[in-house]
Amino acid sequence: MRIDYAQLSPKAYQGLLACKNALAESSLGLPLIELAYLRVAQLNGCAFCLKLHSQALRRRGESQEKLDMLAGWDVADTLSPREEAAIAWTETVTRIGETRAPDSVFRPLREHFSDTEIADLTLAIALMNAFTRVAVAMRQ
């Protein structure tokens with residue numbers, strides 16, 4: 001690791017962890033949040049986070065097939081419609097500079113999630129993008 005950012009900026013790092021802990025209590029459920037975290041890690045190329053979140057999902061009983069197919073979720077049939085909406089949103093928020101988070105991706109969220117859950121999902125995606133960017137930049 002280039003520098004130990006958690007030790008050097010403990011208050012900021014603890015703030016990220018507090019957000020993660022709060023989101024763990026969301027009605028979204030940890031399996032869906034972890035699935036979104038894993039997709040963010042895939043998109044951002046964070047090996048540390050890929051290992052962390054795939055292990056967490058396996059511990060929760062997620063099938064290896066679902067984990068294997070997540071990168072190609074849009075052409076596979078392993079996700080539920082609710083998960084598909086969440087992962088589509090995960091991708092568009094992670095790539096927001098390119099996508100601008102279009103209504104066509106947001107609308108399906110309304111079919112499966114409450115406004116609070118959409119807020120929690122969006123915050124979870126933003127949080128994991130922060131974590132993965134720091135981890136990749138610092139070579140964690």
Side-chain angles (χ1 to χ4, degrees):
M1 187 161 33
R2 288 178 169 163
I3 60 172
D4 189 346
Y5 57 88
Q7 291 287 38
L8 294 166
S9 298
K11 287 184 182 179
Y13 184 70
Q14 288 303 313
L16 292 173
L17 291 178
C19 182
K20 185 175 186 282
N21 291 336
L23 289 166
E25 298 176 17
S26 169
S27 62
L28 287 168
L30 269 176
L32 183 66
I33 291 171
E34 286 289 347
L35 199 63
Y37 287 168
L38 181 58
R39 188 64 186 130
V40 170
Q42 288 175 338
L43 292 168
N44 290 332
C46 181
F48 175 82
C49 297
L50 286 166
K51 182 178 180 180
L52 182 74
H53 299 294
S54 61
Q55 286 176 344
L57 284 160
R58 278 196 288 288
R59 277 194 309 273
R60 294 186 176 287
E62 198 58 72
S63 74
Q64 187 61 49
E65 180 183 20
K66 185 179 277 189
L67 300 182
D68 291 344
M69 301 298 282
L70 184 59
W73 68 271
D74 55 337
V75 294
D77 61 356
T78 54
L79 299 182
S80 69
R82 184 175 194 263
E83 290 169 330
E84 286 182 358
I87 297 304
W89 188 242
T90 299
E91 288 191 5
T92 200
V93 172
T94 298
R95 296 177 169 149
I96 203 154
E98 302 163 35
T99 68
R100 309 305 296 161
D103 290 340
S104 62
V105 180
F106 182 80
R107 272 193 297 279
L109 292 173
R110 295 252 187 222
E111 298 173 31
H112 303 283
F113 301 100
S114 69
D115 286 351
T116 299
E117 289 173 326
I118 293 170
D120 286 350
L121 178 60
T122 305
L123 288 166
I125 295 162
L127 174 69
M128 193 48 50
N129 272 286
F131 273 127
T132 58
R133 283 166 166 75
V134 172
V136 170
M138 294 302 142
R139 303 293 192 257
Q140 183 173 15

Where [X] and [Y] come nearest, the two heavy atoms and their spacing:
X    : Y    : value
A76  : M69  : CB-CE, 3.5 Å
L67  : Q42  : O-NE2, 4.4 Å
T92  : A101 : OG1-CA, 3.6 Å
K66  : L35  : CD-CD1, 4.4 Å
A85  : H112 : CB-CD2, 4.0 Å
D120 : S26  : OD2-OG, 2.8 Å

Is there a continuous path of hydrophobic side-chain contacts, each under 4.5 Å between heavy atoms, that joins [X] to [Y]?
X    : Y    : result
L16  : M128 : yes
I87  : I33  : no
F106 : L32  : yes
I96  : F131 : no
L28  : V105 : yes

If you measure from [atom1] on [X] to [atom2] on [Y], what distance do you get to the nearest 0.5 Å?
X    : Y    : atom1 : atom2 : answer
Q7   : Y13  : CD    : OH    : 10.0 Å
L121 : W89  : CG    : CH2   : 8.5 Å
R39  : L79  : CZ    : CG    : 10.0 Å
L109 : S114 : CG    : OG    : 11.0 Å
M1   : M138 : CE    : CE    : 9.5 Å
R95  : L43  : CZ    : CG    : 4.5 Å

For the backbone of V136 and the side chain of R139, can you confirm whether one donor and one acceptor N or O come within less than 3.5 Å of each other? yes
Please evaluate residues T116 and S27 with respect to the criterion side-chain contact (heavy atoms from CB on, under 4.5 Å), reporting the C-alpha separation (whole Å), side-chain torsions for both, the decisive distance (0.1 Å), and the verdict. CA-CA 9 Å; T116 299; S27 62; 5.7 Å; no
Verify whether one side chain among E83 and W73 offers a donor that lies under 3.5 Å from an acceptor in the other. no
Within the 3.5 Å criterion, strictly below it, is a donor on Q55 or R58 matched to an acceptor on the partner's side chain? no
Are more than 12 heavy atoms, taken from residues, nucleotides or ligands other than E65, located less than 6.0 Å from that residue's CD atom? no
Using a cut-off of 6.0 Å, state whether more than 12 heavy atoms not belonging to D74 lie near its atom CG. yes
Side-chain donor-acceptor contacts of residues 44-53 below 3.5 Å, not counting sequence neighbours, with atom names and distances?
from : atom 1 : to   : atom 2 : distance (Å)
N44  : ND2    : N129 : OD1    : 2.8
N44  : ND2    : T132 : OG1    : 2.8
H53  : ND1    : E34  : OE1    : 2.6

In a check of side-chain contact (heavy atoms from CB on, under 4.5 Å) between Y37 and each of L23, T90, L57, I125, which one passes? L23
Take D115 and R110 through the test side-chain contact (heavy atoms from CB on, under 4.5 Å) and record every step on the way to the result. CA-CA 8 Å; D115 286 351; R110 295 252 187 222; 2.3 Å; yes
